[in-house]
Amino acid sequence: MNLDAVLAAGRRAAEQRMRDHVRLYEQGPDTFDRETGATVPGQQTTLYEGKGRVEPVAQASGEDTQAGEREVRLLEYRVSVPWATVLPPGKRARPGLRVEVLTSPDPRMAGLTLWVTGAQYGDQATAWRLTTEDRS
């Protein structure tokens, strides 16, 4: 059995399960507008937009933590994108990037923003997987 042929078939099958449309982006630092007294969100730079699969990690029970002055619950998700996905030159998946679910067969997922906490690389993987968390 040819390993490359098996991996190609596995990658095609993994892509067929990618029914969400996601955007991986970098969020620039916020700035303070002294005239209005408002904080202006930083510029967003899209690194990837296309098909993906967003799924909760079954073992994740969530972690309660403080963010600002409110309680948030961190829930872990795995985001899979096609194995052959290439980021712009000089960019790597790193903690702090964000994934936004643009559309999904599950309408409750649309608009969900997830924070990247890690990435898995491997030449024998069927998809490129990002570990993320919902910080809502």
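- The list of side-chain hydrogen bond (donor to acceptor under 3.5 Å, both in side chains) pairs with a residue in residues 38-50, not counting sequence neighbours, reads H21-E49, R23-Q44, R23-T46, Q27-Q44.
- Here the CG atom belonging to L112 is positioned 12.5 Å from the CZ atom belonging to R98, to the nearest 0.5 angstrom.
- Listed by chain and number, the residues in a side chain to side chain donor-acceptor pair (under 3.5 Å) with S104 are D20 (sequence neighbours excluded).
- Applying the salt bridge (charged side-chain N to carboxylate O under 4.0 Å, His left out) rule to R53 yields the partners E55; only residues at least two apart in sequence or on another chain are considered.
- Across every non-hydrogen atom of R11 and A125, the tightest pair is NE-O, 2.9 Å.
- Shown here are the side chain to side chain donor-acceptor pair (under 3.5 Å) partners of R108, two or more places apart in sequence or in another chain: D106.
- Residue pairs meeting the salt bridge (charged side-chain N to carboxylate O under 4.0 Å, His left out) criterion with at least one partner in residues 34-45, sequence neighbours excluded, are absent.
- Side chain of T117 to main chain of P95: no donor-acceptor pair is present (N/O by atom type, distance under 3.5 Å, no hydrogens or angles).
- Other members of the hydrophobic cluster containing L7, listed by chain and number, are L3; membership follows side-chain contacts under 4.5 Å among ILVMFWY residues, whether direct or relayed.
- Contacts of E26 classified as salt bridge (charged side-chain N to carboxylate O under 4.0 Å, His left out), with partners at least two apart in sequence or in another chain: K91, R94.
- Qualifying side chain to side chain contact (heavy atoms under 4.5 Å, CB included) partners for Q16, counting only residues two or more places apart in sequence or in other chains: none.
- Of all heavy-atom pairs spanning W128 and Q120, the tightest one is CD1-O, 3.2 Å.
- Take N2 and apply the side chain to side chain contact (heavy atoms under 4.5 Å, CB included) test, not counting sequence neighbours, and it matches D4, A5.
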Walk me through it: do T113 and Y25 pass the test side chain to side chain contact (heavy atoms under 4.5 Å, CB included)? CA-CA 10 Å; T113 299; Y25 67 95; 3.7 Å; yes
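- Contact check for L130 versus V99: side-chain heavy atoms found under the 4.5 Å cut-off.
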Let me have the donor-acceptor pairs involving side chains of residues 79-88, under 3.5 Å, with sequence neighbours excluded, atom names and distances please.
unit_1: W83; atom_1: NE1; unit_2: G122; atom_2: O; d: 3.0
unit_1: T85; atom_1: OG1; unit_2: P82; atom_2: O; d: 2.7

Between V40 and D30, is a side chain to side chain contact (heavy atoms under 4.5 Å, CB included) present by the stated rule, with each step listed? CA-CA 6 Å; V40 179; D30 295 345; over 6 Å; no
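- You'll find the side chain of L97 reaches within 4.5 Å of the side chain of L24, heavy atoms only.
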Check the pair V54 / M109 against side chain to side chain contact (heavy atoms under 4.5 Å, CB included), numbers first and verdict last. CA-CA 9 Å; V54 180; M109 296 283 284; 3.3 Å; yes
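- Among residue pairs with one or both ends in residues 124-133, those qualifying as salt bridge (charged side-chain N to carboxylate O under 4.0 Å, His left out) are E133-R135; sequence neighbours excluded.
- Rounded to the nearest 0.5 Å, atoms CG (D134) and CG (L75) are 5.5 Å apart.
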